[in-house]
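One structure is given here, and the rest of the page talks about it.
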Number of protein chains: 2
Amino acid sequence: MQKELKMADKGMDEAPGLTVQVSEGKERGGAAKSHEQWLTGAGLKATLPRVRILQHLKTAHDEQRHLGAEEIYARLYQAGERIGISTIYRVLLNLEQVGLVTRHQFSQGAVSRCVYELSFGERHDHMVCVETERVIEFRDPVIEARQEQIAQAHGYEVVGRELVIRVRRITP
Amino acid sequence: MQKELKMADKGMDEAPGLTVQVSEGKERGGAAKSHEQWLTGAGLKATLPRVRILQHLKTAHDEQRHLGAEEIYARLYQAGERIGISTIYRVLLNLEQVGLVTRHQFSQGAVSRCVYELSFGERHDHMVCVETERVIEFRDPVIEARQEQIAQAHGYEVVGRELVIRVRRITP
DNA sequence: ATTAGTGCAAATCCTTTGCAGCCAT
DNA sequence: ATGGCTGCAAAGGATTTGCACTAAT
């Protein structure tokens with residue numbers, strides 16, 4: 001069962017007009033430093049797969065994109081890194097557990113895949129463009145306050161929330 | 001592979017204090033009529049599996065509960081109906097396509113399962129109790145208006161949304 | 001009668017796990 | 001060195017699909 005390779009050729013179907021910038025090749029150092037610090041600071045060994053995955057999540061964040069495990073695999077593969085899909089899942093789990101990444105579901109019509117984003121500390125909600133898959137993060141104190149009020153009005157306290165607005169670009 | 005039977009014994013772990021009422025046995029008629037009309041009205045044959053599934057979704061709705069495919073299977077099984085799990089998935093898909101049911105993801109921490117609810121026409125958001133799994137539906141014009149505004153402010157129009165607030169009962 | 005719908009088994013997709021070898025600390 | 005990581009293969013759960021058969025109009 002050659003699962004590890006089978007999605008290598010899945011293109012990454014970029015949004016039109018978006019250029020992917022996986023800026024570095026195989027050399028270490030430079031921008032990678034801070035990722036290593038994030039890892040060690042969170043009590044995780046700064047291994048190459050972890051650093052690379054963080055880098056790609058960072059790149060994706062800059063592109064307003066959330067990646068699924070296989071997309072991360074594909075990007076790494078294109079960049080010449082052969083990192084097993086199982087490692088990717090495990091690393092993402094580790095990163096989630098230490099709070100460095102957040103997992104989302106963003107289920108569309110059919111089957112669901114999880115997507116991951118770097119956690120920059122503060123919570124936020126998401127708008128997802130149904131055409132480009134672009135993700136826009138936002139916070140709205142009014143909505144948040146309202147959620148609290150509604151929960152309380154029913155005798156509940158809020159322990160978590162997820163708001164996803166599916167949107168389409170207005171092109172008049 | 002006896003998939004079709006293996007979840008028959010999965011209890012349905014009711015919320016404390018909630019009594020399940022699968023009111024009818026195996027005879028037809030009575031309350032079933034309207035379900036058959038919903039089906040034929042939507043252009044679907046009123047087959048027994050479809051009617052039964054609608055009935056159970058109705059019951060579940062009255063219990064403030066959303067069911068997954070296997071839970072529906074289990075309830076049917078308990079009620080003496082042997083309907084294959086694949087049929088349940090297919091029926092749910094049909095019902096979703098004609099707008100009679102809505103599929104949700106309500107993903108918790110780990111693996112996700114889909115849950116289904118009868119569509120009574122108007123959209124609403126959900127609060128899900130993390131302890132009892134009870135689902136409270138609500139609408140809030142303020143939140144909805146805000147969502148529109150936010151989308152427009154970014155140059156988008158809303159095509160869909162899903163807000164799930166995970167809550168816990170306040171017991172002072 | 002005819003075609004859609006069903007049941008069963010098998011396939012698929014995404015994700016997780018077991019285990020032996022590898023690499024950061 | 002050594003215990004946590006990795007890779008691969010295989011298992012797993014939820015959902016879908018292929019196909020022969022049954023049932024609703």
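Both backbone and side-chain heavy atoms feed into the values below; hydrogens, waters and symmetry mates do not.
- Residue Val91(A) is the one, among Val91(A) and Val115(B), whose nearest nucleotide of DNA chain D lies closer to the 5' end (criterion: closest heavy atom).
- For Lys45(B), whose side chain is taken as the heavy atoms from C-beta onward, the closest listed nucleotide among dA24(D), dT15(D), dG4(D) is dA24(D).
- Linking Ile, Leu, Val, Met, Phe, Trp and Tyr whenever their side-chain heavy atoms come within less than 4.5 Å leaves Leu163(A) and Val115(A) in two separate clusters.
- Bending across the helix from dA1(C)-dT25(D) to dT25(C)-dA1(D), expressed as the angle between its end axes from five pairs apiece, amounts to 30° (10° rounding).
- Between dG7(D) and Arg82(A), no contact under 4.0 Å exists linking OP1 or OP2 to a side-chain N or O.
- Checking dA24(D), dT15(C), dT15(D) against every side-chain atom of Thr47(B), the shortest atom distance belongs to dA24(D).
- When ring centroids are compared, His154(A) and Phe138(B) stay outside the 6.0 Å threshold.
- Between the C1' atom of dT15(C) and the CZ atom of Arg113(A) lies a distance of 14 Å, rounded to the nearest Å.
- For the residue pair Gln78(B) / Arg75(B), no side-chain donor-acceptor distance below 3.5 Å is found, with atom types taken as modelled.
- Here dA11(D) presents its C1' atom at 15 Å from OH of Tyr89(A), a figure rounded to the nearest Å.
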Atom pairs, N/O to N/O, protein against nucleotides 19-22 of chain D, distance under 3.5 Å?
none

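- To the nearest angstrom, P of dG7(C) lies 13 Å from OH of Tyr77(B).
- Contact record, Leu100(B) with Ala42(B): CD1-CB, 4.3 Å, taken as the closest heavy-atom pair.
- In this structure, Gln37(A) CD and His35(A) NE2 are separated by 10.5 Å, a value rounded to the nearest 0.5 Å.
- Side-chain N/O atoms of Glu117(A) and His124(A) include a donor and acceptor closer than 3.5 Å.
- Relative orientation of the His66(B) and Phe106(B) rings is parallel, given thresholds of 30° and 60° on the angle between their planes.
- Taking only distance into account, the side chain of Ser86(B) meets the base of dC8(C) through a donor-acceptor pair shorter than 3.5 Å.
- Here the nucleotide nearest the side chain of Glu70(B), chosen from dA14(D), dT6(D), dT15(C), is dA14(D).
- Nucleotides of DNA chain D nearest to Leu44(B) and Ala69(B) differ in position, and the one nearer the 5' end is that of Ala69(B).
- Hydrophobic clustering, with ILVMFWY side chains joined whenever heavy atoms are under 4.5 angstrom apart, groups Ile83(B) together with Leu118(B).
- Nearest heavy atom pair, residue Ile143(A) against residue Asp140(A), reads N-OD2, 2.8 Å.
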